[in-house]
Asks: 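First, the structure itself, so that you have it in front of you.
Here is how names work: the chains are called A, B, and so on, in the same order as the sequence lines, proteins then strands, and each is numbered from 1. The structure displayed is predicted, hence computed values, not measured ones.
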Number of protein chains: 2
Amino acid sequence: MATIYDVARVSGVSPKTVSRVINRDGAVKKSTKEAVEKAIAELGYVPSTAARAMRSNKSGLVGLITGAISLSPSRADVSGLPDLFIVQGIQKAMEASGKTLLIADTGGQTDRVPQLIRTFEEHRVEGIIYVADHHRKVSLPPVSKSTKLVLANCYDDVGTPAVIPNDYRGQFDLVTSLIAKGHRRISYLSLSVHREATKHRSQGYRDALDRAGVAFDPTLLIPADVDASDSEAEVQLLWDAIDRVLSLPEPPSVICFGNDRMAMRAYGILRSRGISLPDDLSVAGYDNHKLITQTLYPTLTSAELPYAAIGIRATDLLLGMINGTTDAPAAPIQVSGPIAPGKSVKELPTPITKLSSIRRTTK
Amino acid sequence: MATIYDVARVSGVSPKTVSRVINRDGAVKKSTKEAVEKAIAELGYVPSTAARAMRSNKSGLVGLITGAISLSPSRADVSGLPDLFIVQGIQKAMEASGKTLLIADTGGQTDRVPQLIRTFEEHRVEGIIYVADHHRKVSLPPVSKSTKLVLANCYDDVGTPAVIPNDYRGQFDLVTSLIAKGHRRISYLSLSVHREATKHRSQGYRDALDRAGVAFDPTLLIPADVDASDSEAEVQLLWDAIDRVLSLPEPPSVICFGNDRMAMRAYGILRSRGISLPDDLSVAGYDNHKLITQTLYPTLTSAELPYAAIGIRATDLLLGMINGTTDAPAAPIQVSGPIAPGKSVKELPTPITKLSSIRRTTK
DNA sequence: CATAGCTATGACATCGGTGTCATGACATCG
DNA sequence: CGATGTCATGACACCGATGTCATAGCTATG
C-alpha cells in the first residue's frame, strides 16, 4: 500500500505538502496541488487511519456491543430480531458523523462483554453503545473514564446514560385506539411478569381503561409467556390463556398480546377453534415486527416498539457526549412509537354519545 | 489513556521490556515481570492497536459489507432478515481468528459500496467479505490487490472467490422428501424468474420428479412472486396462483412455495378458503426462516438455506487466503442445507412397492 | 582461568501521518 | 530602496509500539 512518502516522491514535493493537499489545509499552489492529486490517483494512495489516529490521539471509532447478530442458539431458533433495528438506527445516525462503527457481538454470552470492551479500548474507541435484546436492567463492567458509554434498550443503577422504550405509553395508546374503535371488553395476555416491559405496559393498559371509564377486570389480564425458550410450553400457556378469557361469561371483543409472535401463534390457535379474525374477535400485538404484522392475513394491529428511534437517540446522545456538547441525562431517555393499524381489529358500532365522550377524555 | 512509556516509568524498566512482558516475548526475570504487570494493572494500560498496526503493517481488521443491517426502507417493511445469519456465521468464524470485524452497511444503496471500501482501505483491512441479500450476480468496484475479497451469497463474472447456496440441491432434496412421504402431484409456486435461485430450484424440482418417475406437469409450476416490494400485488399474485393450481382437474396434494413468507401468506389464504392444513393440502416453504417455520401453526416444512454455513465458509476461505494457506477457488463454492421437517406436510398412504422403488432410485 | 555462550535488559530506529517552526521568494508600503 | 508581510513549502519532531542490535553480568566448558 502506497504511503504519503511515495506520493511525495512521485509528485516531487515534501510529505507535508501532500498532507496539506489531502486535508485542504493551508495554502498550496494550484499546479502543486494538481501534481499531488495526479500522483495520488496514480498510486491509488489511501491515507492510513492508524497513523492519523496515533498522531491525533483520536481514533474516529465508536464501539457497539450487541447480541442481535449472533444470538444464542436457543433464541435464534424461534425469535425474530427486532432489536436489530436498534443497530440499524445506530448505523444510520453514525453514518452522518463520519465515524466508523466497530460492531462486536456477545454471541449471547454476557460474560464475553469485558473482553469486547477490552478490544474496543485497544482500538481507542471514543465511545461505546451497549444494546440489549429487550428492555431490561443491566450491569456492565466499568470502562475507562475517557470512554463514553450509552445504554440502548436497557439501563443500570449507577446512572449510566440510557435510552429506553416507553412501554407505558405504547400500551396506553394501543388500548386507547381500541377503545376509540368501540371496544370495551379488552383482554391483555401479557409477557412474563419478569419482563421489565410488563409492569409498565400493564399500567398503561389499566390507565387507558380508566381514562375511558371502563372498569378494570383482573380476569382479562393474564401473563401468557414463559421466560424459558420452550416452544411447546409457550404454545400450551397461550392456548390455555386464550381458553380462559374466551370462556368467561362476558368474553372480550379484542385480545392484546404481549408481542407479535404471540399474536401470530394465536392466529393459528383461534382459527383451529373456528374463530374468524377479525369478525368474531379482534387481535392486537406489540412490537410491530413488520415481517409478522404485514405478512399475517389479516394484517395485525400492533404498538410499534421504536427500535430504530432508540438507536438514533442513543447515537445522538453519545456523539453529543463525545463532542462535549451534551451532558449525560440524569434519567433514562424514553422513546415512544406510533400504533400501527392492521385489519385484525374490527370497528364496533358505538353510540355517538359514547364516542364523543371518549374523544373528549382523550384530548 | 496510559501508554507503554507510562508503564515503563512506573515500573522502572524500559518500554521494550514492557513490550516483552505484554507479548511474552524473550526472557524476562520473574521479579521484573511482576513489577511490570503491577504497573499495567495500576494504570489500566491497554496497548494501542493503532501503534501496533503501524509498526507491523498488519491491522488485524477484516471488513464486512452487507445490506442486512440497515435495509432500504421498502425492504425493511416486509422482509425478514435471513441474510443476517450469514453475518452471524461470519462473526462466529472470525471470533476464533482473533481478528476484529469492521461491519459497514450499504443502507440498501449499492452506490455507497465504493465509499465503504475506501473506508476499509483507510483502516488497512486485510480482507473484505461482501454479503448479498439474496443469491445473485454482482459487480463490485476493484479493490487494491493487497486486499483479499470474498463474495458471500453472490458471485461475479471476473472470478472473485465466492460462496453461494446450492439452490438446485435444496429444492431437489425437498421434493424428494415429499415424494418419500407419498406425494405425486407436487406444485411449485416459485419466486420470480428473475431470481438467480429460481432456475436452479426449478431444475432441482424437475430432476427430483424425474428421478422418481413422476411426469413433469407445467401447469403445476408457476412463478408467484413479484420483484417489486408491493405487498398488495404480492398477495394478489399468490392468491391467483393458488387458485389456478387448486382448480386443476387433478389438483396437487402439496404446494411448495418460493420462500417461507409466501407459505406464511398461503396459510391465511388457504384457511380463508376453508382448506385445512395439512389434512386437505400439504405445504412447504424455502429458507427455513425459523421465526416463520416454527411459529406458524402447524409448523412449516422447509428447505434450509444454509446462511450461517455460507458465512462460515466465506470466512474460512478469506482467512486462508490472508494466511496464504488457501488458494482462491476457480468456481464458486456451493453450500447446501438440510430439509427442516414441519407438520405442514401430511404423510400419504403409498403402495409398498412404489415406496421401495423410490428408495432404490434415491440411493 | 580464559573464553564462548546465555540471560536479561536497554538504546535506537521505524511505521505513516501531522503540528510547529523556519525559510526563501515575492509583493506592498512608506 | 529597505522594511514588513504574505505565500508556498520544507525540515523536524512526535504519536506508541516493536524489531534489531548492543551490552553487562553470569555460567558452562576446555
Asks: Are more than 12 heavy atoms, taken from residues, nucleotides or ligands other than B:D327, located less than 6.0 Å from that residue's CG atom?
Replies: no
Asks: Determine the contact category for A:T32: base if any of its heavy atoms lies under 4.0 Å from a base atom, sugar-phosphate if only primed atoms, P, OP1 or OP2 are that close, otherwise nothing.
Replies: sugar-phosphate
Asks: Is there a Watson-Crick or G-U wobble partner for D:dA11 with both distances under 3.5 Å, and which nucleotide is it?
Replies: C:dT20
Asks: Can you tell which of D:dG19, C:dT9, D:dC7 lies closest to the side chain of B:D25?
Replies: D:dG19
Asks: Between C:dC15, D:dA13, D:dG19, which nucleotide gets closest to the side-chain atoms of B:M54?
Replies: C:dC15
Asks: Could you let me know what C:dG30 is paired to, Watson-Crick or G-U wobble, both distances under 3.5 Å, or none if it's on its own?
Replies: D:dC1
Asks: Please report the interatomic distance CG(A:N57) to CD(A:E126), rounded to the nearest 0.5 Å.
Replies: 9.5 Å
Asks: Please work out if A:R55 contacts a base, only the sugar-phosphate, or nothing of the nucleic acid, heavy-atom cut-off 4.0 Å.
Replies: base
Asks: By nearest atom, which of the nucleotides D:dT9, C:dT18, C:dG17 is closest to the A:Y45 side chain?
Replies: C:dG17
Asks: Examine the side chains of A:Y307 and A:Q88 and answer whether a donor and an acceptor come within less than 3.5 Å of each other.
Replies: no
Asks: Could you check whether atom CZ of A:R124 has more than 12 heavy atoms from other residues, nucleotides or ligands sitting under 6.0 Å from it?
Replies: yes
Asks: Can you measure B:K33 atom NZ to C:dT9 atom C1' for me and round it to whole angstrom units?
Replies: 16 Å
Asks: In whole angstroms, how far is the C1' atom of D:dG16 from the NZ atom of A:K58?
Replies: 18 Å
Asks: Taking only side-chain nitrogens and oxygens of B:S19, does any of them come within less than 4.0 Å of OP1 or OP2 of D:dT18?
Replies: yes
Asks: Starting at atom CG of A:N57, determine the distance to atom P of D:dG16, rounded to an integer number of angstrom.
Replies: 6 Å
Asks: Should A:R20 be listed as having a side-chain N or O under 4.0 Å from OP1 or OP2 of C:dT18?
Replies: no
Asks: Can you see if the side chain of A:S14 gets near the phosphate of D:dG10 - specifically, an N or O under 4.0 Å from OP1 or OP2?
Replies: yes
Asks: More 5' along DNA chain D: A:Y5 or B:V18, using each one's nearest nucleotide?
Replies: A:Y5
Asks: Rounding to an integer number of Å, can you tell me how far B:L43 CG sits from D:dG16 P?
Replies: 13 Å
Asks: Compare the minimum distances between each of C:dG16, D:dT9, D:dT18 and the side chain of A:K29, then state the nucleotide with the smallest one.
Replies: D:dT9
Asks: Given atom CE of B:M1 and atom C1' of D:dA17, what is their separation to the nearest angstrom?
Replies: 15 Å
Asks: Take atom CZ of B:R52 and atom P of C:dG16, then tell me their distance rounded to the nearest Å.
Replies: 18 Å
Asks: What is the distance from CZ of B:R9 to P of D:dA17, rounded to the nearest Å?
Replies: 13 Å
Asks: Is any NZ, NE, NH1 or NH2 atom of the basic residue among A:R118 and A:E122 found under 4.0 Å from an Asp or Glu carboxylate oxygen of the other?
Replies: yes
Asks: State which of C:dT18, D:dT18, D:dC7 makes the closest approach to the side chain of B:P15.
Replies: D:dT18
Asks: Just compare C:dA8, C:dT18, D:dA17 and give me whichever is closest to any side-chain atom of A:I4.
Replies: C:dT18
Asks: Identify whether any heavy atom of A:K16 sits under 4.0 Å from a base atom; if not, whether one sits that close to sugar-phosphate; answer base, sugar-phosphate or nothing.
Replies: base
Asks: Between C:dG17, D:dT18, C:dA8, which one does the side chain of A:A51 approach most closely?
Replies: C:dG17
Asks: How is B:V13 classified with respect to the nucleic acid when contacts are heavy atoms under 4.0 Å: base, sugar-phosphate, or nothing?
Replies: sugar-phosphate
Asks: Please tell me if B:T17 has a side-chain N or O lying less than 4.0 Å from either OP1 or OP2 of C:dG10.
Replies: yes
Asks: Please report the closest heavy-atom contact between B:V125 and B:S59, naming both atoms and the distance.
Replies: CA-OG, 3.8 Å
Asks: Among C:dT18, D:dA17, D:dA8, which nucleotide has an atom closest to any side-chain atom of A:A27?
Replies: D:dA8
